[in-house]
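Have a look at the structure below, then the notes.
Keep in mind that this is a model prediction, so the values were computed, not measured.
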Amino acid sequence: MALKLVSTGGGSATLDIGSTAVNYTLSLPGAVTTLTDGATITPDFALNNVFTVTLGGNRAMANPSNPIDGQSGSIFIVQDATGNRTLTWGANWDWVSGSAPTLSSAANAVDRVDFIVRSSTSIQAVFTSNYS
């Protein structure tokens, strides 16, 4: 019996096991995906596992579209040259302490959120701040 992985693009793949095909949908990182800055930022988890966004004002991070149970990754959050930007989070983001973190406020500061999708309505997240 031969196993054959057939990439079909768009974040999906088919594993062909003889006469049985098993379809998997997954995000395949290859680079860091830049999120579009705006009043509300909505990451599309079907595009990648690693994202970056530079905040140009006080923003809201919406619940992501297309989360996949078990998917994990990171979001780099960068302050613009002004700094002091704030970020609120959608209800599906779950934080260790039960409350969303406070971002580093210095101009050009870089923070990181690591996440794992527990379910489509529970994205467990861990925050680390003030990277150089």
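- Residue pairs satisfying the ring pair (Phe, Tyr, Trp, His ring centres under 6.0 Å) criterion with at least one member in residues 82-124, sequence neighbours excluded, are listed as follows: Phe45-Phe115, Trp89-Trp93, Trp89-Trp95.
- Across every non-hydrogen atom of Ile41 and Pro43, the tightest pair is O-CD, 3.6 Å.
- Using a 4.5 Å heavy-atom threshold, the side chains of Asn49 and Gln71 count as touching.
- Taking the charged nitrogens against the carboxylate oxygens, Asp69 and Arg118 have no contact shorter than 4.0 Å, which rules out a salt bridge.
- In this structure, the side chains of Leu103 and Thr86 stay at 4.5 Å or more apart for every pair of heavy atoms.
- Closest approach of Thr42 and Ala62 over heavy atoms only: OG1-CB, 3.4 Å.
- Between Asp80 and Arg85, some side-chain heavy-atom pair lies under the 4.5 Å cut-off.
- Val113 has its side chain out of reach of Phe76: every pair of non-hydrogen atoms, C-beta onward, lies at least 4.5 Å apart.
- For the atom pair Phe51 CZ and Asp44 CG, the distance stands at 7.0 Å (nearest 0.5 Å).
- Within the 3.5 Å criterion, the main-chain N or O of Ile75 finds no donor-acceptor partner in the side chain of Arg112.
- For the residue pair Asn84 / Gln79, no side-chain donor-acceptor distance below 3.5 Å is found, with atom types taken as modelled.
- For the pair Asn48 (side chain) and Ala31 (backbone), a donor-acceptor distance under 3.5 Å is present.
- If you check the side chains of Asp94 and Ser122, you find a donor sitting under 3.5 Å from an acceptor.
- Note on Val78 and Tyr131: same hydrophobic cluster, where clusters join Ile, Leu, Val, Met, Phe, Trp and Tyr whose side-chain heavy atoms are under 4.5 Å apart, directly or indirectly.
- Put simply, CE on Met61 and CG on Leu35 are 6.0 Å apart, with the number rounded to the nearest 0.5 Å.
- Donor-acceptor pairing under 3.5 Å is recorded for the side chains of Ser104 and Asp111.
- One finds the OG1 atom of Thr34 at 11.5 Å from the CG atom of Leu47 (value rounded to the nearest 0.5 Å).
- Using a distance-only test at 3.5 Å, with no hydrogens or angles considered, no donor-acceptor pair links the side chain of Asn92 to the main chain of Ile123.
- The hydrophobic cluster containing Ile77 does not contain Ile116, counting ILVMFWY residues as joined when their side-chain heavy atoms lie under 4.5 angstrom apart, directly or transitively.
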